[in-house]
Each structure stands twice: as structure tokens, then as C-alpha cells.
Amino acid sequence: MTCRSESIVVQAMAATGLDQSGLSSLIGVSQSTISRWENGKAEPNALAHEVMARIVRSNWTARRKRALRTLMDSGRFSEAITFSMGSKP
């Protein structure tokens, strides 16, 4: 198994705050399947991998939007512009 698949499982659980059981319910597989993916004993199929990747991306986007809003609300406009262009404030 590649680190990429193991990583996407861990990242999806971290992004959602769910454990194996919760993630399994969210994407429609058994908890033991999530465990096998996380432990490198099996790989998610393309659809399951894409679902987890979208979970991770959407969470990252939401965190980025919150950070940008915080900068704007605090009047740190130049930092917000830099941040919105992909650089750290």
C-alpha cells in the first residue's frame, strides 16, 4: 500500500474529527475496511479515495476562508490580500 492511501484516511478522519467508525458511516463502508486502509492492509477503491480527498480539500478550504475572514475582520487587509494570493501572512 502506498503512503498516499494511508495518509488520505488519516487526513479525512482529522478533517472531520471522526474516528474509524464515524468515517465508515460517512462514506458507506465498514469500520473494518477503514481500519485495513489505515493500517496498509488494503487500499480504498478510486471512488472512496476521491470522497476522502474531497473531504480533506473542503475542510482545508473552510479553514482557509475562516482565517481570511479573521484577518479581514481584524483590519489586517494587506495580510489578507497576501494570504488570499496563497502566501502566509
Side-chain angles (χ1 to χ4, degrees):
M1 171 163 200
T2 65
C3 290
R4 185 174 154 209
S5 293
E6 293 170 23
S7 176
I8 197 69
V9 173
V10 172
Q11 289 175 27
M13 288 191 299
T16 58
L18 297 173
D19 59 9
Q20 289 179 349
S21 179
L23 184 62
S24 70
S25 295
L26 182 65
I27 64 173
V29 298
S30 69
Q31 181 274 325
S32 61
T33 296
I34 297 290
S35 178
R36 286 193 305 274
W37 293 345
E38 185 178 13
N39 294 314
K41 296 179 180 175
E43 289 193 44
N45 64 29
L47 179 59
H49 193 280
E50 180 59 25
V51 167
M52 289 185 285
R54 286 180 186 219
I55 289 168
V56 171
R57 283 193 304 268
S58 66
N59 181 264
W60 183 86
T61 300
R63 286 183 299 183
R64 189 168 175 83
K65 286 180 181 177
R66 283 193 300 274
L68 183 57
R69 174 54 51 201
T70 299
L71 289 172
M72 293 294 290
D73 289 347
S74 65
R76 296 163 60 189
F77 303 114
S78 63
E79 290 178 65
I81 291 168
T82 301
F83 183 74
S84 69
M85 296 172 65
S87 301
K88 293 183 180 179

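Numbers here simply count residues along the sequence, with the first being 1. Quick note: numbers below take in every heavy atom, side chains included, and nothing from hydrogens, waters or symmetry partners. Source: prediction; values computed, not measured.
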Could you tell me which residues satisfy side-chain contact (heavy atoms from CB on, under 4.5 Å) with [X], sequence neighbours excluded, listed by chain and number?
X   : value
D19 : S21
I27 : L23, V29, I34, W37, V51, M52, I55
S58 : none
D73 : R69

| query | Should we count CZ of R54 as having more than 12 external heavy atoms under 6.0 Å? | reply |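 No, not enclosed.
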
| Between T33 and S30, is any side-chain donor less than 3.5 angstrom from a side-chain acceptor? |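 Per modelled atom types, T33 and S30 side chains form a pair under 3.5 Å.
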
| task | Determine whether E43 and H49 make a side-chain contact, defined as any pair of heavy atoms from C-beta on separated by less than 4.5 Å. | result |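 E43 does not reach H49 side chain to side chain.
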
| request: State which residues pass side chain to side chain donor-acceptor pair (under 3.5 Å) with Q31; sequence neighbours excluded, sorted by chain then number. | output: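 With neighbours one apart ignored, the set is Q20.
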
| Can you list the residues that meet the side chain to side chain donor-acceptor pair (under 3.5 Å) rule with S24, with sequence neighbours excluded? |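 Expected list: none.
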
| field | Heavy-atom closest pair, residues V56 and A15 | value |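 Taking every non-hydrogen atom into account, CA-CB, 4.3 Å.
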
| query | What's the shortest heavy-atom distance between A53 and I8, and which atoms? | reply |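 Minimum heavy-atom contact is CA-CD1, 3.6 Å.
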
| request: To the nearest 0.5 Å, tell me how far N59 CG sits from T16 OG1. | output: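 Those atoms lie 8.0 Å apart.
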
